[in-house]
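Shown next, in structure tokens, is the structure this report addresses.
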Number of protein chains: 2
Amino acid sequence: MKLSDLKTVDQLIEERREKDAEFREIWDSTAFARQVAIIVVRYRTERGLSQRELARLTGLQQPAIARLENGETEPRLQTLAKLTAATGLSFHLDVVRGGVELVPA
Amino acid sequence: MKLSDLKTVDQLIEERREKDAEFREIWDSTAFARQVAIIVVRYRTERGLSQRELARLTGLQQPAIARLENGETEPRLQTLAKLTAATGLSFHLDVVRGGVELVPA
DNA sequence: GCGTCCGATAACGCACGCGTTATCATCTAA
DNA sequence: TTAGATGATAACGCGTGCGTTATCGGACGC
């Protein structure tokens, strides 16, 4: 087997998403949490902050930051607001057709 | 006292908001809930729906609709999503500087 | 080795939005 | 006046995100 034959993680996910209805439902419903995760991780790592430091800045706790960055939980609006208060981050959300989408920039 | 000397509700609120720091904090932090309330009430009344009918459409309950329309609670993203699923409503949110703002249209 | 910091994670409780049910005063129509 | 529908609200429980504390393995420097 050639290395180029290996499937990417995204390909594997997409394949299962198409085959498994239950998986698709769960995956899609947590899309927003994963998008938030990416933003938080990027912000923190670009500034060389630890989770504990970001927690102190935002008034959150280190385990809460970890859960957000792992996309484990759907954050509350209040939590997103805390993130933006001390960081300069901002989140633009479109709630439409039963879903929550994060609008880039 | 002339009728024109009567202060509007908005004027009374603004005056207290400037004088009372605690009141201002609570009032501003619930601004988003009140904005959502206006949208829900308008949507429902324009179509001549009862709270129970809107509840059935959205999968929520009549008391939940009432609480939303009275601005008593800060709705969850999941709840806003339910509202948009069956109604065609949409919510555009800006989470910035520690607050949640509802973007018109 | 040893101490330190890291992120991940478990356990427990709390806060709060919503489900569920029931009730209330008010209004309108028959 | 009576019957039905409306919105408001109380009571109780549940789900879940976060606070809080503690702990874990792993990486790094001394």
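Naming: A, B, ... by sequence-line order, numbering from 1 per chain.
- A close approach under 4.0 Å does not occur between any side-chain nitrogen or oxygen of Gln61(B) and OP1 or OP2 of dC18(C).
- For the side chain to side chain contact (heavy atoms under 4.5 Å, CB included) test, no residue two or more places apart in sequence or in another chain qualifies with Arg56(A).
- Look at Arg44(A) and you'll find a side-chain N or O under 4.0 angstrom from OP1 or OP2 of dG7(C).
- For Pro63(B), whose side chain is taken as the heavy atoms from C-beta onward, the closest listed nucleotide among dG7(C), dG19(C), dA22(C) is dA22(C).
- Using a 4.0 Å heavy-atom distance criterion, Leu60(B) is classed as a sugar-phosphate-only contact.
- Checked by distance alone, Arg52(B) brings a side-chain donor or acceptor within 3.5 Å of a matching partner on the base of dG7(D).
- Contact check, Thr79(A) against dG17(D): no side-chain N or O comes under 4.0 Å of OP1 or OP2.
- Distance from the side chain of Gln62(A) is smallest for dA22(D) among the nucleotides dA22(D), dG19(C), dC16(C).
- Distances shorter than 4.0 Å separate some side-chain N or O of Asn70(A) from OP1 or OP2 on dA8(C).
- Within the nucleic acid shown, Gln78(B) has no heavy atom closer than 4.0 Å to any nucleic acid atom.
- In this structure, Glu15(A) places its CD atom where more than 12 heavy-atom neighbours from other residues, nucleotides or ligands lie under 6.0 Å away.
- Note on Gln51(A): a side-chain N or O is less than 4.0 Å away from OP1 or OP2 of dA8(C).
- Phosphate proximity of dC18(D) to Thr73(A): present, with a side-chain N or O under 4.0 Å from OP1 or OP2.
- When heavy atoms are screened at a 4.0 angstrom cut-off, Glu72(A) is found touching the sugar-phosphate backbone but no base atom.
- When the side-chain nitrogen and oxygen atoms of Lys82(B) are compared with OP1 and OP2 of dG19(C), one or more of them lie within a distance under 4.0 Å.
- Residue Glu69(B) forms a salt bridge (Lys or Arg N to Asp or Glu O under 4.0 Å) with just one option from Arg34(B), Arg44(B), Arg42(B), and that option is Arg44(B).
- Using a 4.0 Å heavy-atom criterion, one finds that Pro75(B) contacts the sugar-phosphate atoms exclusively.
- Heavy atoms of Ala64(B) sit under 4.0 angstrom from primed sugar atoms or phosphate atoms, though from no base atom.
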